[in-house]
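What follows is one structure encoded as C-alpha cells, with my remarks underneath.
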Amino acid sequence: MNVTPQSAILPEAGPYSLVCVFNLVGNRDKVVRQCQGLFEVAEKLNQQHVSACVRLSFGFGKAFWQQFEKGCPNDFEEFAPLGSGDVTAPSTGGDLLLHVHSNRHDLNFHLLSSFLQPIASEVELIDETNGFRYLDARDLTGFIDGTENPKKQAARHEVAILPEGPFAGGSFVMVQRFVHNLPAWHAVHVAQQEKIIGRTKPDSVELDEVPADSHVGRVDLKEAGKGLKIVRHSLPYGTMSGEHGLLFIAYCAQQRNFREMLSSMYGEKDGQTDKLLDFTKAVTGAYFFVPSTEMLMQL
Ligand code: HEM
Ligand code: MG
C-alpha cells in the first residue's frame with residue numbers, strides 16, 4: 001500500500017507556524033470534507049507563491065477518531081494531567097488539530113480562514129497560536145531549540161512515522177502551549193540558566209556534566225542504550241503585553257516516548273522535576289493521531 005505522511009511532519013519547521021485546536025460542535029462529515037479539501041487549497045497557494053512552502057497536517061483527538069470505525073492505533077491514549085504543586089501540566093483535550101508551517105505568516109492566516117469560513121458553526125476553535133522563528137532558532141529564553149532534533153529526512157521518517165500495520169504512514173502528535181515567566185528567567189545568571197537547560201547559551205553545547213534536573217537531563221532518555229527520539233516543530237509565540245512562550249509540538253511513531261519524557265519532566269519517575277518548569281507553565285496539553293494522507297482522504 002502506498003502511504004504518504006501528511007505534509008507538515010517531515011520538513012523542518014518553516015519560520016511561521018499556526019497551531020489550532022478545535023472541538024467539534026456540529027456536523028462531523030462537513031468538517032472532514034473540509035479537512036480533505038484543504039490540501040488542494042494549500043497546493044494552489046504553493047503554485048501561486050513558489051517559495052511559500054505551505055505544509056499542513058490534521059490530527060484527531062481519541063474520542064473523535066473513534067467515531068470513524070477505523071480502529072484505534074495501539075497505544076493511543078488521551079493526555080493525562082501531570083505533576084503537583086506549582087509544576088503541573090493540564091490536559092485540555094480537543095477533537096481536531098491543524099498544524100501549518102510555511103515561509104509566509106499571511107498564507108497561514110489565509111489557509112485557516114479558507115478552512116474555517118464554511119464550517120464556522122460546526123467547530124469551536126479553542127486554541128489558536130501563531131508561532132515565529134526567533135533569532136537563530138531560539139526559544140524566548142534565549143536558548144537554541146532544536147539542536148538534537150533529528151535532521152535528515154530518513155531519520156525524521158524513522159522517528160515520526162508508523163512504519164507498518166493498518167496505520168502505516170500515520171504519526172502521533174503532542175501539543176503543549178507553555179507560558180513563560182521571562183522577568184523571573186532574566187533575573188537568573190546565565191551560568192545558572194545553562195545548568196537549568198543543560199546546554200550552553202551562545203552555541204548550545206551540551207554541558208560536560210548535565211544536571212539530572214536540567215531540561216536535557218530530564219528528556220534525553222535512553223532505553224537499552226538507544227535514545228528515545230521525537231521530531232519537534234515547536235516555535236515561540238505571543239506578545240510582550242500578553243502571554244508569550246513556546247508552542248511545543250512534536251511528532252512520534254510511539255506515543256510512549258512522549259509519556260516517558262513528560263513523566264520524567266513532571267517528577268513522576270524519580271521525584272525530580274525539570275527546573276525549566278519553574279519558569280514556564282503549560283496551559284494546554286493534548287495528544288492527536290495524524291493518519292496518513294491516504295487514510296485521511298478515505299474518512
Ligand atoms: C531539548 C527547550 C519542552 C523534549 C531542548 C533544548 C531546549 C529546549 C533549549 C536543548 C536544545 C535541543 O536539543 O533542542 C524547551 C522549552 C520547552 C521544552 C523552552 C518548554 C517551554 C519540552 C517538552 C518535551 C521536550 C514538553 C517533551 C515532552 C525535548 C527533547 C530534547 C529537548 C527530546 C532533546 C534532548 C536531547 O536529546 O539532548 N528543549 N523544551 N521539550 N527537548 Fe525541550
Ligand atoms: Mg543527547
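In listed order, ligands and their atoms are each counted from 1. Numbers for residues simply follow the sequence, beginning at 1. Since this is a predicted model, take the numbers as computed values, not measurements.
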Structural part of L246 in contact with ligand 1, heavy atom criterion under 4.0 angstrom: side chain

Contact check: R232 vs ligand 1, nitrogen or oxygen atoms, below 3.5 angstrom: yes

Below 4.0 angstrom from a heavy atom of V216, which ligand 1 atoms are there? Numbered from 1 as shown, please. 38 (O)

Does a donor on one side chain sit under 3.5 Å from an acceptor on the other, for T284 and D127? no

At a 4.0 Å threshold, what atoms of ligand 1 neighbour a non-hydrogen atom of E148? 12 (C), 13 (O), 14 (O), 34 (C), 36 (C), 37 (O), 38 (O)

Looking only at side chains, do Y237 and R177 share a donor and an acceptor under 3.5 Å apart? yes

Using a distance-only test with no angle check, is there a side-chain donor-acceptor pair under 3.5 angstrom linking H180 and D139? yes

Which of the atoms in ligand 1, numbered in the order shown and given with their element, are less than 4.0 Å from a heavy-atom of T280? 21 (C)

Return each pair, listed once, that meets side-chain hydrogen bond (donor to acceptor under 3.5 Å, both in side chains) where at least one residue sits in residues 4-16; pairs must be two or more places apart or across chains. T4-E294

Taking 4.0 angstrom as the limit and counting only heavy atoms of D139, give me the atoms of ligand 1 inside it, by number and element. 19 (C)

Which option, R218, H215, R138, owns the non-hydrogen atom nearest atom 18 (C) of ligand 1? H215

Number the atoms of ligand 1 from 1 as they appear, then name those within less than 4.0 Å of a heavy atom of Q176, with their elements. 26 (C)

Does the N or O separation between F178 and ligand 1 drop below 3.5 Å for any pair? no

Could E260 and R218 be called an ion pair, given the rule that one side-chain N must be under 4.0 Å from one carboxylate O? no

Out of F60, F64, F172, which residue meets the ring-ring contact (aromatic ring centres under 6.0 Å, His included) rule with F289? F172

T141 near ligand 1, heavy-atom distance under 4.0 Å? no

Below 4.0 angstrom from a heavy atom of H180, which ligand 1 atoms are there? Numbered from 1 as shown, please. 21 (C)

Applying side-chain hydrogen bond (donor to acceptor under 3.5 Å, both in side chains) as the test, list every pair that has at least one member in residues 187-197; sequence neighbours left out. Q193-K201

Quiz question: by atom type and distance under 3.5 Å, do the side chains of R156 and Q153 form a donor-acceptor pair? no

Min heavy-atom dist L228 to ligand 1 below 4.0 Å: no

To atom 30 (C) of ligand 1, the nearest of N149, V175, V219, D220 on a heavy-atom basis is V219

Does CZ belonging to F132 count more than 12 external heavy atoms closer than 6.0 Å? yes

